[in-house]
Amino acid sequence: MGPGVNKPKLFSTHVLYEEPRRCLAEHFDVEYWTGSERPPRAVVLQRVAGKDALICLLTEKVDRELLDAAGPNLRIVANVAVGYDNIDVPACTERKIAASNTPGVLDETTADFTWTLLLAVARRLVEGDHLARTGWWLQWNFDLLCGTDVWGKTLGILGLGRIGRAVARRASGFGMRVIYNSTTRAPAEVERELRAEFMSQDEVLQQADFLSLHVPLNAKTRGLIGREALAKMKKTAFLINTTRGPVVQESELVHALEEGVIAGAALDVFEREPLIPDGLRRNNVVLAPHLGSASIETRTKMALIAAGNAIAFFQGKRPPTILNPEVWPRS
Ligand code: DGY
């Protein structure tokens with residue numbers, strides 16, 4: 001963009017990191033939300049008005065109201081997340097607004113965190129940390145905080161997309177059997193590489209010692225894990241959720257934990273974040289505040305992808321990770 005040329009206007013609902021900020025500054029007249037908390041809805045609606053591009057996080061609901069507030073100049077909404085259930089993509093498409101996400105760069109990081117949770121809940125790490133930290137650990141004892149073995153157990157995966165596969169790949173180091181169900185069965189070479197056996201969803205629920213959820217949130221998966229599904233699981237099984245909270249019916253999970261239907265859970269995501277029901281604050285539940293992709297390296301890559309999509313669009317190029325390619329090329 002040469003000097004004197006008016007740059008398109010972009011609003012970013014987060015300051016991001018320096019590297020993506022530098023890229024954006026070359027191409028846009030950028031306005032950032034600099035608050036340490038998420039911006040109130042009214043502020044987002046006000047600050048997106050008249051902008052040509054929006055960079056947002058999964059906390060921003062990009063719906064018709066927001067698109068109306070933005071006005072006719074808005075051309076692209078670049079989400080800094082792989083999940084995009086916060087964006088009404090059809091509404092963007094109707095208005096010929098491109099929408100994009102950040103696939104590919106957070107799979108390994110999210111898989112690492114899934115294992116962090118799995119190991120923590122199985123081996124009672126959080127309870128142990130609490131005991132050690134508070135000074136209440138008075139002596140070693142034979143049966144102190146004995147948990148459950150991970151190695152050699154059965155890992156059940158629902159949703160064998162990129163993240164599900166990265167989680168499955170790590171299981172071989174623990175000598176685990178991997179079983180999975182997914183809307184589409186993985187190609188034979190992928191199953192071979194991961195040593196993953198395809199089964200019906202019910203069989204996965206029934207056989208898993210650790211059930212890890214990796215389905216995207218959509219109309220079919222909302223509430224997927226409810227009373228019926230939980231009742232099919234082993235009493236000794238643990239549920240791990242690093243995808244989206246509404247995939248699990250939280251009140252049913254609380255009930256299952258109270259009644260000993262399953263042994264425990266490790267959760268990074270919740271139905272109404274940041275609200276966590278009191279019934280989940282239990283010793284056999286490990287809780288995390290949606291940290292799956294939260295490493296500096298990965299968040300930098302995610303922001304660079306979002307910035308790259310916005311930049312490409314205004315250079316007349318197809319945004320590399322566009323969600324609604326039907327709006328491209330612009331008419
Ligand atoms: C995503 O990208 O969808 C994660 O939930 C947040 O990084």
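First listed ligand is number 1; within each ligand, the first listed atom is number 1.
- Residue contacts with ligand 1: Gly83 is placed with a nitrogen or oxygen under 3.5 Å of a nitrogen or oxygen of the ligand (distance criterion only).
- In terms of polar-atom proximity, defined here as any N/O pair under 3.5 Å, Thr243 makes no such contact with ligand 1.
- Selection from Met302, Arg244, Arg299 by nearest heavy atom to atom 5 (O) of ligand 1 gives Arg244.
- Considering both main-chain and side-chain atoms, Ser293 comes within under 3.5 Å of ligand 1 through a nitrogen or oxygen pair.
- Every atom of ligand 1 is numbered from 1 in the order shown, and the set under 4.0 Å from a heavy atom of His290 is 4 (C), 5 (O), 6 (C).
- Listed by number with element, the atoms of ligand 1 under 4.0 angstrom from any heavy atom of Leu106 are 2 (O).
- Contact check on Lys7 versus Asp29 returns no salt bridge, with no Lys/Arg side-chain nitrogen under 4.0 Å from an Asp/Glu carboxylate oxygen.
- Of the charged side-chain nitrogens involved, none lies within less than 4.0 Å of a carboxylate oxygen, so that Glu273 and Arg244 do not count as a salt-bridged pair.
- Ring orientation note: the planes of Phe174 and Trp115 are close to parallel, at an angle under 30° on the 30°/60° scale.
- Between Phe28 and Phe314, the ring-plane angle classifies as perpendicular under the 30° and 60° cut-offs.
- Using a 4.0 Å cut-off between charged side-chain N and carboxylate O, Lys9 and Glu31 make no salt bridge.
- Remark: ligand 1 atoms within the under-4.0 Å shell around heavy atoms of Ala81 are 1 (C), 2 (O), 3 (O).
- Contact annotation for Val80 and ligand 1: no heavy atom of the residue comes within less than 4.0 Å of the ligand.
- Separation of atoms OG1 (Thr300) and CD1 (Ile305) is listed at 11.5 Å; rounding is to 0.5 Å.
- Cluster partners of Trp33, by chain and number: Phe11, Val43, Val44, Leu45, Val48, Leu54, Val62, Leu66, Leu67, Leu74, Val77, Tyr84, Ile87, Val89, Ile97, Leu323. The rule joins Ile, Leu, Val, Met, Phe, Trp and Tyr whenever side-chain heavy atoms lie under 4.5 Å apart.
- With a 4.0 Å heavy-atom cut-off, ligand 1 is reached by the side chain of Leu58 but not by its N, CA, C or O.
- Counting protein heavy atoms only, atom 1 (C) of ligand 1 is closest to Val82 N, 3.5 Å.
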